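What follows is a short report on a single structure.
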Amino acid sequence: MAELKKEPVDATPNVSAVETVDVATEAEAVAAIDAPVSQGEPILQVRNLVKHFPLTQGILFKKQIGAVKAVDGISFDLYAGETLGIVGESGCGKSTVAKLLMTLERATAGEVFYKGQDITKLSGRALKAVRRNIQMVFQDPYTSLNPRMTVGDIIGETFEIHPEVAPKGDRRRRVQDLLDVVGLNPEYINRYPHQFSGGQRQRIGIARGLALNPEIIICDEPVSALDVSVQAQVINLMEKLQDEFNLSYVFIAHDLSIVRHISDRVGVMYLGKMAEIGTDTQIYDHPTHPYTQALLSAVPVPDPSAREGRDRIILTGDVPSPANPPSGCRFRTRCWKAEERCATEEPLLAIPERFVAGSTPATHESACHFAEERDVVHAA
Amino acid sequence: MLLEVRDLHVEFHTREGVAKAVNGVNYSVAEGETLAVLGESGSGKSVTAQAIMGILDMPPGKIAGGEILFKDQDLLKLKPEERRRIRGQEMAMIFQDALSSLNPVLTVGQQLGEMFVVHRGMSRKDARTKAVELMDRVRIPAAKERVGQYPHQFSGGMRQRIMIAMAMALEPSLIIADEPTTALDVTVQAQVMELLAELQRELNTGLILITHDLGVVADVADKIAVMYAGRIVETAPVHDIYKAPAHPYTKGLLQSIPRLDQKGRELYAIKGLPPNLTRIPPGCAFNPRCPMARDVCRSDVPPLYEVDERRRSACHFWKETLDAR
Ligand SMILES: Nc1ncnc2c1ncn2[C@@H]1O[C@H](COP(=O)(O)OP(=O)(O)O)[C@@H](O)[C@H]1O
Ligand SMILES: Nc1ncnc2c1ncn2[C@@H]1O[C@H](COP(=O)(O)OP(=O)(O)O)[C@@H](O)[C@H]1O
Ligand code: SF4
Ligand code: SF4
Ligand SMILES: [Mg+2]
Ligand SMILES: [Mg+2]
């Protein structure tokens with residue numbers, strides 16, 4: 001099924017300025033948001049997105065003493081119908097990106113254009129329309145479902161906020177349809193979350209995400225809590241639904257194999273920045289950023305004969321604090337290639353100069369002054 | 001053989017009924033060897049380990065049968081004091097969650113030193129020196145300065161190193177590591193696994209590594225025992241099992257994980273769910289999920305068939321499974 005999926009998207013997204021549509025009225029904004037986007041066109045354009053969480057001191061008179069730079073200037077595109085994977089170690093800002101895209105957090109700076117509308121600045125009906133079209137599936141199928149509500153109420157609840165999607169008399173049937181779509185028995189509508197297994201609960205979460213016919217689903221570690229056999233069931237379901245409903249996914253996970261499996265393109269984050277982004281082949285088979293190389297080489301592969309043949313990079317030290325990131329390149333405190341320039345000059349996310357002219361798989365965006373190819377995934 | 005578990009049975013008496021968490025487990029570990037115990041959550045991996053260590057919650061748990069031979073003596077027949085001595089000095093355990101297994105109100109140095117005070121009769125001062133040595137050995141930077149810090153002041157990876165230091169402190173002959181790196185990022189996981197393997201080699205320790213990660217197993221194990229519903233369904237040298245599994249469950253697991261080195265197609269998914277342990281299906285426990293199940297599977301429990309000298313499979317049709325690849 002995965003093979004039949006969509007056209008390959010442009011390998012080198014254009015991260016130049018985005019045209020801002022001047023919208024005079026809210027109605028026009030809503031109309032723009034509800035307009036269809038064709039396959040392969042950008043549906044989300046994230047530009048220099050920043051989220052700083054203030055660090056305060058004092059109880060009565062809070063004084064800001066610094067900030068956690070959770071997301072610190074990130075740009076990427078999401079194309080209609082594709083899956084963009086986002087990987088990186090815990091604390092690098094993946095969930096914060098998810099919340100910003102969901103407008104659950106307010107951006108400190110930067111823009112998120114959804115069909116040309118900057119959703120970080122919308123309000124009222126336009127914001128509501130955006131929220132209907134961008135849904136989320138969370139990691140933890142145990143805590144993200146209210147234990148006191150039936151499955152029918154959990155899924156049906158979304159219709160209370162967006163009644164236009166399903167008229168009152170029609171809701172029960174809609175919920176049963178949704179249960180059927182995600183492979184659960186529609187007769188389970190009156191059951192409670194604890195009566196389901198982890199994998200089944202994640203299906204309920206997915207049904208809730210689908211209820212409003214969204215265009216984009218942000219998945220934050222949707223299968224991390226599941227056992228391998230159940231994980232495969234859920235991944236297959238998500239791929240099937242993507243084809244059926246023409247969905248675009250942002251798929252956040254720390255399991256690099258799963259991300260490769262489901263993604264068309266992959267972005268690698270480190271300490272609030274995007275280190276490298278490209279197609280799955282570019283990132284996994286032709287990584288040029290040292291951090292991507294280290295991350296990939298650390299993944300244990302389920303093949304004992306690869307034990308010796310693989311190029312292993314064991315990083316030393318821990319990730320620095322996002323409240324006080326290193327100057328220049330954020331990875332330099334753990335990078336074996338770091339030079340003086342890395343401490344003074346921040347490498348920008350762009351196609352490295354030495355690869356610009358060519359059209360090899362190394363020709364993709366990588367934020368490193370000394371980017372070079374290194375295969376760490378295949379045994380020599 | 002350093003450790004041999006024979007036909008171990010553990011039950012939990014719950015309100016729902018008797019949960020047969022461990023139903024005749026057999027496995028063994030030699031000195032210096034790494035046995036990986038693989039299985040999905042709830043398959044009985046930790047309960048087996050707890051029974052070996054003598055830290056099972058009893059009640060509700062109950063050892064309903066079997067033997068645990070450690071250096072040729074059955075641990076289940078030992079007096080409590082003797083069992084405690086072995087647990088303290090000859091065996092050690094590393095848990096997934098270092099933060100909850102370390103004491104939050106004692107410094108790392110006090111906890112490491114305690115081992116030498118209690119078991120080796122050392123003075124506090126000498127024990128502290130030992131603690132710093134151990135921290136150095138597990139490569140905690142600035143050990144001398146950090147020996148007086150509390151567990152919460154260390155990162156997850158550093159805490160797991162401290163757990164490893166504690167486990168190795170008295171140079172035990174067996175270590176059981178229960179999902180030691182599951183909570184860590186891959187880069188840190190690689191550091192910790194490398195350290196564990198290095199110390200194990202140095203001390204010639206037997207290691208039981210409990211995990212659900214097929215990648216970790218392939219990376220470090222000598223042999224592997226696959227558990228399903230409280231039983232070992234297949235044991236084999238690690239190379240053999242990855243090349244050609246002899247049990248449909250193992251085969252399903254291997255097929256259901258995506259690959260890092262190529263894109264791959266639709267994932268194979270084992271249908272259904274593991275059984276409720278109070279109502280394990282008759283015959284082969286895997287039969288409701290098994291694509292090869294036949295009538296005999298629903299009536300006769302498959303014994304652990306001998307596939308070859310070093311390999312066993314609890315499947316009536318192990319030969320077919322092995323050939324059909
Ligand atoms: N509400 C918050 N207040 C303060 N700091 C936060 C908040 N949410 C996240 N952070 C911090 O921001 C950083 C990025 O977090 P997160 O986006 O959750 O990372 P990831 O999902 O990649 O693990 C972390 O250092 C985290 O502690
Ligand atoms: N203290 C306990 N009380 C009741 N049941 C338990 C207890 N500990 C474990 N069990 C049951 O034993 C089974 C096996 O658990 P465990 O060995 O922890 O699985 P694994 O480590 O393979 O994930 C589980 O179904 C669990 O519910
Ligand atoms: S810019 Fe310098 S420190 Fe950063 S990844 Fe490249 S070589 Fe390493
Ligand atoms: S014994 Fe039968 S049901 Fe069990 S694994 Fe073998 S073929 Fe499948
Ligand atoms: Mg997160
Ligand atoms: Mg366990």
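Remember, predicted model here, so these are calculated numbers, not experimental data. When reading the values below, keep in mind they use all heavy atoms of this one structure, side chains included, and skip hydrogens, waters and symmetry mates.
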Within the 4.5 Å heavy-atom criterion, are S305(A) and K243(B) side-chain neighbours or not? no

Give the minimum heavy-atom separation between D185(B) and S90(A), together with the two atoms involved. OD2-OG, 2.7 Å

Using non-hydrogen atoms and a 4.5 Å limit, figure out which bit of R139(B) sits close to chain A: side chain, backbone, both or neither. neither

Counting only heavy atoms not in R310(B), do more than 12 fall under 6.0 Å of its CZ? no

Charged N-O contact under 4.0 Å between D285(A) and K263(B): no

Could you have a look at A221(B), S155(B), P258(B) and say which one has the most heavy-atom pairs with chain A under 4.5 angstrom? P258(B)

Okay, M158(B) and chain A: the region with an atom under 4.5 Å from a heavy atom over there is side chain

Does a sphere of radius 6.0 Å around CD in E187(A) hold more than 12 heavy atoms from other residues, nucleotides or ligands, not counting ones at 6.0 Å or beyond? no

Considering only heavy atoms, which portion of I313(A) lies under 4.5 Å from any heavy atom of chain B: side chain, backbone, both, or neither? neither

Contact leader toward chain B among S297(A), A298(A), P304(A), S229(A), where contacts are heavy-atom pairs under 4.5 Å: P304(A)

Under 4.5 Å to a heavy atom of chain A? For V217(B) that would be backbone

Run D219(B) and R310(A) through salt bridge (charged side-chain N to carboxylate O under 4.0 Å, His left out) and show every step you take. CA-CA 11 Å; D219(B) 240 16; R310(A) 268 176 83 211; 5.2 Å; no

Does either side chain, that of E89(A) or that of T187(B), offer a donor lying less than 3.5 Å from an acceptor on the other one? yes

Counting heavy-atom pairs under 4.5 angstrom with chain A, the leader among L273(B), L267(B), V216(B) is L267(B)

When only pairs under 4.5 Å are counted, which of A294(A), A232(A), S257(A) shares the most heavy-atom pairs with chain B? S257(A)

Near K223(B) NZ, under 6.0 Å, is it more than 12 heavy atoms from other residues, nucleotides or ligands? yes

When you measure from the side chain of Q233(A) to the backbone N and O of G272(B), does any donor-acceptor pair fall under 3.5 Å? yes

Is the side chain of E266(B) donor-acceptor paired with the backbone N or O of N236(A) at a distance under 3.5 Å, no angle test? no

Residue part contacting chain B, namely of I314(A), when any heavy atom lies under 4.5 Å: side chain

As an exercise, state the distance from CG of L260(B) to OH of Y284(A), rounded to the nearest 0.5 Å. 6.5 Å

Nearest heavy-atom approach of P302(A) to I257(B) is CG-CD1, 3.4 Å

If we define contacts as heavy-atom pairs under 4.5 Å, which of V188(B), D261(B), I270(B) has the most with chain A? D261(B)

Contacting region of T316(A) [heavy-atom separation from chain B under 4.5 Å]: backbone

Go through the steps for H254(A) and V186(B) under the test side chain to side chain contact (heavy atoms under 4.5 Å, CB included), then give the verdict. CA-CA 8 Å; H254(A) 62 261; V186(B) 281; over 6 Å; no

Between L256(A) and chain B, with a heavy-atom cut-off of 4.5 Å, which part of the residue counts as in contact: side chain, backbone, both or neither? both

Side chain from CB out, backbone as N, CA, C, O: work out which of these in Q262(B) comes under 4.5 Å of a heavy atom of chain A, or both, or neither. backbone

Report which part of L214(B) has an atom under 4.5 Å of a heavy atom belonging to chain A: side chain, backbone, both, or neither. both

Where does D318(A) contact chain B at under 4.5 Å (heavy atoms): side chain, backbone, both or neither? side chain

Heavy atoms only: give me the nearest S41(B)-D227(A) pair and the separation to one decimal. OG-OD2, 2.5 Å

Given side chains that start at C-beta, do those of H212(B) and V228(A) come closer than 4.5 Å, heavy atoms only? no

